[in-house]
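Just so you know, these numbers come straight off a predicted model, no measurement behind them.
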Amino acid sequence: MEKLKLKEKIGYGFGDFASSMFWKMFGVYLLFFYTDIFGISAAVVGTMFLVTRVFDGINDPLMGIIADRTETKWGKFRPYLLWMCVPFALFGVLTFTTPDLSVSNKIIYAYVTYCLMMVFYTTVNVPYASLMGVMTSNLKDRTSLASFRFIFAFAGGIFVLATAESFVDFFAKINGNGINLQKGWQYTMAVYGVVAALLFYFTFRWTKERVEPPKTQKSNLKEDFKNLATNRPWFILLGAGICSLIFNSIRDGSAIYYFKYYFEDQQMVSFFFNKVSLSYSTLYLVLGQAANLIGVTLAKPVSDKLGKKKTFLTAMGIAAVLSCFFYYLNELDVVLIFVLQFLISLCAGIIFPLLWSMYADIADYSEWKSGRRATGLIFSSSSMSQKMGWTIGGALTGWILAYYGFEANVEQTEEAKTGIRMMMSFLPAVGALLSAIIVFFYKLDDAFMLKINADLIEKRKQTSL
């Protein structure tokens with residue numbers, strides 16, 4: 001099997017830089033945009049997230065099925081990066097556009113644009129994720145590729161979190177008619193859309209598909225689903241992925257509210273002789289992404305020593321414990337808030353390359369066990385787990401805000417502030433703990449996967465003769 005070159009790994013990483021820019025905009029800022037800029041209630045947004053993301057989650061396996069059956073000169077998965085990158089960017093801009101409509105019509109507009117945005121997200125991201133499973137079958141190359149992917153993913157997140165508020169502030173002022181935050185958000189998303197479309201194009205150009213289904217395999221959707229339904233490691237990883245995304249989405253979604261409403265007396269930090277100012281929320285989120293990035297780089301060396309399963313379980317267990325301490329901090333505990341954010345995010349960063357590398361292992365396990373390979377279907381489940389965790393976490397964030405009496409752009413009650421603190425501490429901790437408990441039952445350890453890989457290489461040699 002051809003060893004992957006650095007250029008190809010970087011090209012693959014570009015795709016997750018692009019996806020992560022949008023993922024972070026949605027995960028961190030979209031709820032805030034809808035409540036404080038667009039002008040609809042947190043409860044309405046929470047319900048919208050649930051409805052549209054459940055629909056979107058169903059689309060993931062459908063897209064995986066379609067991609068598995070796509071035949072072009074460029075392969076099965078790469079073409080979608082070329083075909084769908086422009087619609088992906090366009091609907092990102094429309095999602096962050098505020099039309100001059102009544103509240104009820106705004107809600108309809110939000111449902112339609114966000115739903116279509118996630119459809120195009122799926123048509124790009126499922127093939128992109130599946131691509132990792134066919135670029136190489138080498139286990140160490142896969143973990144390296146996953147690490148590259150997430151280094152670029154968190155770099156994309158850092159780029160957005162470090163620039164979004166500054167871009168919004170800049171674009172909100174360029175019309176010359178006072179500050180227009182609605183235009184600020186729209187133009188900011190246009191910048192990210194252009195960057196994302198270009199990066200997806202380079203991912204398409206710089207990568208190559210090498211691992212093919214067995215030559216004797218015929219298209220049989222019933223068999224693919226039957227094999228998936230009996231694949232126990234797939235179900236375990238699906239559950240662990242959902243819970244880990246609930247953990248992340250609640251923490252991300254509540255951070256802006258935490259610093260705006262609970263941390264209200266300490267909003268800015270100045271640098272370079274007071275010429276540059278950054279909000280605490282920006283510093284907090286950028287620090288989290290930087291820690292995620294460090295965690296990604298640690299994933300391979302740590303998992304090489306401990307194994308993927310043990311590394312995943314340990315990281316999520318530590319994240320759950322540290323999250324609980326967050327509840328007891330207040331606006332005077334600035335250093336401790338940032339230290340905990342760094343440590344929790346470090347743990348979260350470690351698990352993501354492991355998740356995707358383990359899904360690639362599950363695709364090999366499925367082929368080894370059944371003689372059939374459905375890479376797109378299996379990887380679409382990983383995307384589905386992301387979105388289901390994001391769905392539940394996003395909906396819970398909106399509903400919990402409403403439950404505790406949150407109202408946008410006013411002084412919050414003590415009860416509402418307590419709810420925001422819960423969303424930064426105990427509630428995400430539950431997601432992290434459940435993720436660790438579920439992955440405890442995962443059985444595809446590294447020694448077993450080496451045997452599977454050797455058997456598959458031998459089988460492929462025999463069928464090629």
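- To the nearest 0.5 Å, atom CG of residue Leu343 and atom SG of residue Cys347 are 7.0 Å apart.
- Checking side-chain atoms of Thr188 against main-chain N and O of Val168 turns up a donor-acceptor pair under 3.5 Å.
- Between Ala197 and Ala89 the shortest heavy-atom distance is CB-CB, 4.4 Å.
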Run the ring pair (Phe, Tyr, Trp, His ring centres under 6.0 Å) check on Phe406 and Tyr257 step by step: do they pass?
CA-CA 10 Å; Phe406 169 82; Tyr257 295 96; 5.1 Å; yes
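- Between Met316 and Ser244, the shortest heavy-atom contact is SD-CB, 4.3 Å.
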Check the pair Glu165 / Thr282 against side-chain hydrogen bond (donor to acceptor under 3.5 Å, both in side chains), numbers first and verdict last.
CA-CA 8 Å; Glu165 293 180 38; Thr282 296; 3.0 Å; yes
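- Heavy atoms only, all atoms of each residue included: Leu101 and Lys106 are closest at O-CE, 3.7 Å.
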Are Lys260 and Asp36 close enough, and set up right, to give a salt bridge (Lys or Arg N to Asp or Glu O under 4.0 Å), and what steps lead you there?
CA-CA 11 Å; Lys260 179 175 179 178; Asp36 288 41; 2.7 Å; yes
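- A donor-acceptor distance shorter than 3.5 angstrom exists from the side chain of Asp333 to the backbone of Asn330, with no hydrogens or angles considered.
- Aromatic ring centres of Tyr192 and Phe22: separated by at least 6.0 Å.
- Contact of the Met449 side chain with the Asp364 side chain is registered, since non-hydrogen atoms from C-beta on lie closer than 4.5 Å.
- Lys300 pairs by the salt bridge (Lys or Arg N to Asp or Glu O under 4.0 Å) definition with Asp304, not counting sequence neighbours.
- Between the side chains of Gln341 and Tyr284, at least one donor N or O sits under 3.5 Å from an acceptor N or O.
- We find the OG-CZ distance between Ser425 and Phe326 to be 8.0 Å, quoted to the nearest 0.5 Å.
- The backbone N or O of Phe426 lies less than 3.5 Å from no partner atom in the side chain of Ser323, so there is not a single donor-acceptor pair.
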Would you sort out whether Thr113 and Tyr109 count as a side chain to side chain contact (heavy atoms under 4.5 Å, CB included), showing the intermediate values?
CA-CA 6 Å; Thr113 53; Tyr109 175 89; 3.5 Å; yes
Step-by-step side chain to side chain contact (heavy atoms under 4.5 Å, CB included) determination, Phe342 to Ile294:
CA-CA 10 Å; Phe342 178 84; Ile294 295 171; 3.9 Å; yes
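- The two residues Met21 and Ala196 make their nearest non-hydrogen contact at CE-N, 3.6 Å.
- The side-chain heavy atoms of Tyr12 and Lys9, taken from C-beta on, include no pair separated by under 4.5 Å.
- Side chain of Ser254 to backbone of Met423: a donor-acceptor contact under 3.5 angstrom is found.
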Checking ring pair (Phe, Tyr, Trp, His ring centres under 6.0 Å) for the pair Phe49/Tyr114: CA distance, chi angles, key distance, verdict?
CA-CA 9 Å; Phe49 281 171; Tyr114 183 62; 5.6 Å; yes
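- Residues Cys243 and Ile438 come closest through the heavy atom pair SG-CD1, 3.8 Å.
- Between Phe33 and Phe38, the ring-plane angle classifies as tilted under the 30° and 60° cut-offs.
- Inter-residue side-chain proximity for Ser19 and Phe200 is flagged as met; some heavy-atom pair is nearer than 4.5 Å.
- With sequence neighbours excluded, the residues forming a side chain to side chain contact (heavy atoms under 4.5 Å, CB included) with Ser303 are Lys308, Thr311, Leu354, listed by chain and number.
- Residue Thr418 holds its OG1 atom at 7.5 Å from CD of Glu415, rounded to the nearest 0.5 Å.
- Using a 4.5 Å cut-off on side-chain heavy atoms (C-beta onward), Leu285 and Ile256 make contact.
- Ring centroid separation for the pair Phe26 and Trp23 does not come in under the 6.0 Å cut-off.
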List the steps and the verdict of side chain to side chain contact (heavy atoms under 4.5 Å, CB included) for Leu401 and Ile420.
CA-CA 7 Å; Leu401 283 171; Ile420 292 171; 4.0 Å; yes
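- In this structure the side chain of Thr123 reaches within 4.5 angstrom of the side chain of Met63, judged on heavy atoms.
- Taking all atoms of both residues into account, the shortest heavy-atom contact from Ile250 to Pro428 is CG2-CD, 4.0 Å.
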Kindly indicate, with the supporting measurements, whether the criterion salt bridge (Lys or Arg N to Asp or Glu O under 4.0 Å) is fulfilled by Glu411 and Lys417.
CA-CA 10 Å; Glu411 175 70 23; Lys417 290 181 180 180; 3.5 Å; yes
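- Annotation: Ile179, atom CD1; neighbour count of heavy atoms from other residues, nucleotides and ligands within 6.0 Å does not exceed 12.
- How far CD1 of Ile400 is from OH of Tyr404: 7.5 Å, rounded to the nearest 0.5 Å.
- The neighbour count for Asn409 CG, taken as heavy atoms of other residues, nucleotides or ligands under 6.0 Å away, is above 12.
- At least one side-chain heavy atom of Leu131 sits less than 4.5 Å from a side-chain heavy atom of Thr207.
- Between Phe96 and Trp185, the ring-plane angle classifies as parallel under the 30° and 60° cut-offs.
- Salt bridge present: Asp252 and Lys24 bring a charged side-chain N and a carboxylate O closer than 4.0 Å.
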Checking side chain to side chain contact (heavy atoms under 4.5 Å, CB included) for the pair Arg149/Tyr128: CA distance, chi angles, key distance, verdict?
CA-CA 11 Å; Arg149 172 185 180 175; Tyr128 170 76; 3.5 Å; yes
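- In this structure, Gln412 contributes its side chain and Val410 its backbone to a donor-acceptor pair below 3.5 Å.
- The aromatic rings of Phe159 and Phe167 stand perpendicular to each other, their planes meeting at an angle above 60°, with 30° marking the opposite boundary.
- For the pair Ser41/Thr35, no side-chain contact is recorded, criterion being any heavy-atom separation below 4.5 Å from C-beta on.
- The aromatic rings of Tyr201 and Phe204 sit tilted, their planes meeting at an angle between 30° and 60°.
- When Gln182, Gln186, Lys183 are each tested for a side chain to side chain donor-acceptor pair (under 3.5 Å) with Thr97, only one passes: Gln186.
- Distance alone, capped at 3.5 Å, places no donor-acceptor pair between the Asn180 side chain and the Ala172 backbone.
- Residues Asn59 and Thr122 have side chains that never bring a donor and an acceptor to within less than 3.5 angstrom of each other.
- No donor-acceptor distance shorter than 3.5 angstrom exists from the side chain of Ser357 to the backbone of Pro353, with no hydrogens or angles considered.
- Considering CD1 of Ile158 and CZ of Phe152, their distance stands at 12.0 Å, rounded to 0.5 Å.
- Leu340 is listed as a side-chain neighbour of Phe325, based on a closest heavy-atom distance under 4.5 Å.
- Residues Phe88 and Phe120 place their aromatic rings such that the two centres sit no closer than 6.0 Å.
- Rounding to the nearest 0.5 Å places CZ of Phe312 at 11.0 Å from OG1 of Thr314.
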